[in-house]
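Shown next, in structure tokens, is the structure this report addresses.
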Amino acid sequence: MAETSLFQNALKQFNKAADVMDLSQSMRQVLSFPKRELTVNFPVRMDNGEIRVFTGHRVQHNVARGPAKGGIRYHQNVTLDEVKALAFWMTWKCAVVGIPYGGGKGGVCVNPQELSINEIERLSRRYFSEIQIIIGEGEDIPAPDVNTNAQIMAWYMDTYSMNIGHSVLGIVTGKPLEIGGSKGRTEATGRGVRVVAEEALRYKDMDPKKAKVAVQGFGNVGSYAAKLIAEEMGSRVVGLSDVSGGLYNPDGFDIDDLMAYRDQNNGVIEGYPKGQKISNEDLLSLDVDILVPAALENAITEKNARNVRAKIVVEGANGPMTPEAEDMILANNIFVVPDFLANAGGVTVSYFEWVQGLQHYFWDVEDVRRALHKIMKEAFGSVISTMNKYSIDMRTAAYVDAIEKVALATKLRGIYP
Ligand SMILES: NC(=O)C1=CN([C@@H]2O[C@H](COP(=O)(O)OP(=O)(O)OC[C@H]3O[C@@H](n4cnc5c(N)ncnc54)[C@H](O)[C@@H]3O)[C@@H](O)[C@H]2O)C=CC1
Ligand SMILES: O=C(O)CCC(=O)C(=O)O
């Protein structure tokens, strides 16, 4: 059976909102197509002296509201179709929270677990040089995503700066603090998830202190979402999982302890002693108030959607639910806070980092957190108003809010479809 295209799934979501807005066919076309798609095949010398050729992509979906912005992932399943979908969602993400960017995304088809740290450095530097023809601090600004981190951003920044001849802080975000990173960026996506999770509970008249939570994915997004939901909202995180499997503890996990364990244990939670072992499928069907899928796309499909028992799903990952699964989830009266709103905290603090880098003036962490909280809360409130105005689901409402902004920018710039 042919794999479902992630980009086609994303277009289905977009068209559902475009129908609600009665968006013209010509504007639909303008907003559907990616502006640029670059594929690069490039050689990397392995530690044993052999040369391997890797394939990477960088897609800029839309730049009507500002430079393209979005992360770069390293994963063995990266395809151009996936990167197109992820770039598409970045356009709506930046628009829904009102930061002045378009959407971009990149990826390299590689399993980084199979490479040494030196091989990853060589791959990162070569990939970044290859895509340099379309990036720039005013054109397209990459950031971390799955399996990339501050160290890799440092190599990107250094590679670009060497080629230009001086340090260019605004070329990438998610950098280490010592070379122009922003305080609060590492935790930012998880913090944004925590803000909308609390808003969703409030909207549903539920008490955060009594809420039970399950989180799929214990990387950057999942671990900080779990930590802040537990520490700041007082909710009990009873289920967690990653690529190695899941864990259940009805009393709630100590997230700092688990993060420390993961960091000493090849990046996975497998073998953590203070929890009962469960599978990733079991995790999705736990009897909790909030489920946070924060791993990869298509975690919830029509095959397992009927097992989801959470009252609220807050999508930390990009595209964790297929459109067919969402129909089933909504039919079961489960409230869904959509990905490109729920996980917009990361790009929002990336925006703060970019501004700080351009100005060479750096903020306190309290200022970063306060500004992030305000943006996330206001975007949530605005999408809820749109949802209630049109009697639509929250994802469609988030698209309506975002499409309105991008379509208006497109018209103002002189295209009149
Ligand atoms: N890092 C960021 O700032 C942002 C990331 N995202 C999205 O959040 C998601 C997670 O990204 P990060 O946390 O940055 O990646 P990461 O690489 O830090 O962590 C990914 C996590 O998912 C787990 N995982 C991988 N395959 C899995 C599977 N089949 N089942 C269960 N768990 C699995 C990994 O073990 C790891 O714990 C992705 O969809 C990403 O695009 C969205 C917004 C911003
Ligand atoms: O921080 C950024 O610029 C983008 C993060 C990202 O890739 C995402 O939000 O999916």
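Only a predicted model underlies this, so the values are computations on that prediction, with no experimental measurement involved. Each ligand, and each atom within it, is numbered from 1 in the order the structure gives. These values consider heavy atoms only, across backbone and side chains, with no hydrogens, waters or symmetry-generated copies.
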Checklist entry - Can you check salt bridge (Lys or Arg N to Asp or Glu O under 4.0 Å) on K183 and D367, steps first, answer last? => result CA-CA 9 Å; K183 291 185 178 138; D367 294 333; over 6 Å; no
Checklist outcome for this item: Here the atoms of ligand 1 under 4.0 Å from any heavy atom belonging to R185 are 3 (O)
Checklist entry - Above 12 or not: heavy atoms from other molecules or residues under 6.0 Å from CG of N41? => result yes
Next on the checklist: Looking only at protein heavy atoms, which one is nearest to atom 12 (P) of ligand 1, and what is the separation?
Outcome noted: V221 CG2, 3.9 Å
Checklist entry - Applying a 4.0 Å heavy-atom criterion (strictly less than), which segment of A294 is in contact with ligand 1: side chain, backbone, both, or neither? => result backbone
Checklist entry - How far does NZ of K84 sit from OG of S32, to the nearest 0.5 angstrom? => result 11.0 Å
Next on the checklist: Looking only at protein heavy atoms, which one is nearest to atom 40 (C) of ligand 1, and what is the separation?
Outcome noted: D145 OD1, 3.2 Å
Item to check | For atom 30 (N) of ligand 1, the protein heavy atom that lies nearest, with its residue and separation | outcome: N280 ND2, 3.3 Å
Item to check | Ligand-residue contact atoms, ligand 2 with G71, heavy atoms, under 4.0 Å | outcome: 4 (C), 6 (C), 7 (O)
Item to check | Shortest protein contact, atom 2 (C) of ligand 1 (heavy atom only) | outcome: T189 OG1, 3.5 Å
Checklist entry - Atom CG in D327, atom CG in N332: separation rounded to 0.5 Å? => result 11.5 Å
Checklist entry - What part of V347 sits under 4.0 Å from ligand 2 if we count only heavy atoms: the side chain, the backbone, both or neither? => result both
Checklist entry - Do F218 and ligand 1 have an N or O pair less than 3.5 Å apart? => result yes
Item to check | Identity and distance of the protein heavy atom lying nearest atom 15 (O) of ligand 1 | outcome: V146 CA, 3.5 Å
Checklist entry - Nearest protein heavy-atom contact for atom 17 (O) of ligand 1: which residue, which atom, what distance? => result N147 N, 2.9 Å
Next on the checklist: Using a 4.0 Å cutoff against the non-hydrogen atoms of G346, which atoms of ligand 2 qualify?
Outcome noted: 1 (O)
Checklist entry - Is the closest side-chain donor-acceptor distance between E281 and N304 under 3.5 Å? => result yes
Next on the checklist: Distance check, rounded to the nearest 0.5 Å: H61 atom NE2 versus C94 atom SG?
Outcome noted: 12.0 Å
Next on the checklist: Main chain of L169, side chain of K175: is a donor-acceptor contact present, judged purely on distance under 3.5 Å?
Outcome noted: yes
Checklist outcome for this item: For K69, the ligand 2 atoms with a heavy-atom partner under 4.0 Å come out as 2 (C), 3 (O)
Item to check | Full working for salt bridge (Lys or Arg N to Asp or Glu O under 4.0 Å) between R122 and D47 | outcome: CA-CA 10 Å; R122 288 196 289 274; D47 290 344; 2.7 Å; yes
Item to check | For ligand 1, the portion of R73 having any non-hydrogen atom under 4.0 Å away | outcome: side chain
Next on the checklist: Quick check on contacts: which atoms of ligand 2 are under 4.0 angstrom from a heavy atom of S350?
Outcome noted: 1 (O), 2 (C), 3 (O)
Checklist entry - Who's closest to atom 25 (C) of ligand 1 heavy-atom-wise, of V349, I269, V243? => result V243
Item to check | Minimum-distance protein heavy atom relative to atom 7 (O) of ligand 2 | outcome: K105 NZ, 2.6 Å
Next on the checklist: Using a 4.0 Å cut-off to any heavy atom of K93, which atoms of ligand 2 qualify?
Outcome noted: 8 (C), 9 (O), 10 (O)
Next on the checklist: Under a 3.5 Å distance rule, please check whether D393 uses its side chain to pair with a backbone N or O of T396 as donor and acceptor.
Outcome noted: yes
Item to check | Residue portion contacting ligand 2 (non-hydrogen atoms closer than 4.0 Å) for R185 | outcome: side chain
Checklist entry - Which of parallel (below 30°), tilted (30 to 60°) and perpendicular (above 60°) describes W92 and Y399? => result tilted
Checklist entry - Taking it one step at a time, do E187 and K227 satisfy salt bridge (Lys or Arg N to Asp or Glu O under 4.0 Å)? => result CA-CA 10 Å; E187 64 172 35; K227 174 180 161 72; over 6 Å; no
Checklist entry - Any chance NZ of K405 has more than 12 other-residue heavy atoms, nucleotides or ligands included, within less than 6.0 Å? => result yes
Checklist entry - Does G219 reach ligand 1 with a nitrogen or oxygen that is under 3.5 Å from one of the ligand's nitrogen or oxygen atoms? => result yes
Item to check | Part of N318 with heavy atoms under 4.0 Å of ligand 2, whether side chain, backbone, both or neither | outcome: side chain
Checklist entry - N/O of E297 under 3.5 Å from N/O of ligand 1, yes or no? => result no
Next on the checklist: Would G70 count as a contact residue for ligand 2, given that I'm defining contact as a non-hydrogen atom of the residue lying under 4.0 Å from a ligand atom?
Outcome noted: yes
Checklist entry - Is there a donor-acceptor pair under 3.5 Å between the side chain of D140 and the backbone N or O of I135? => result no
Checklist outcome for this item: min-distance protein heavy atom vs atom 38 (C) of ligand 1 -> A295 O, 3.1 Å
Next on the checklist: Heavy-atom pairs closer than 4.0 Å: do any link ligand 1 to the side chain of N318, the backbone, both, or neither?
Outcome noted: both
Checklist entry - Step by step, would you call R309 with S285 a side chain to side chain donor-acceptor pair (under 3.5 Å)? => result CA-CA 6 Å; R309 288 197 284 164; S285 55; 5.8 Å; no
Checklist entry - Got the closest protein heavy atom to atom 18 (O) of ligand 1, with its distance? => result N220 N, 2.9 Å
Next on the checklist: Please report the interatomic distance CD(Q60) to NZ(K105), rounded to the nearest 0.5 Å.
Outcome noted: 14.0 Å
Next on the checklist: Are any of the N/O atoms on M90, whether in the backbone or the side chain, positioned under 3.5 angstrom from an N/O atom of ligand 2?
Outcome noted: no
Checklist entry - Would you find a donor on one side and an acceptor on the other, under 3.5 Å apart, between the side chain of N265 and the backbone of Y261? => result no
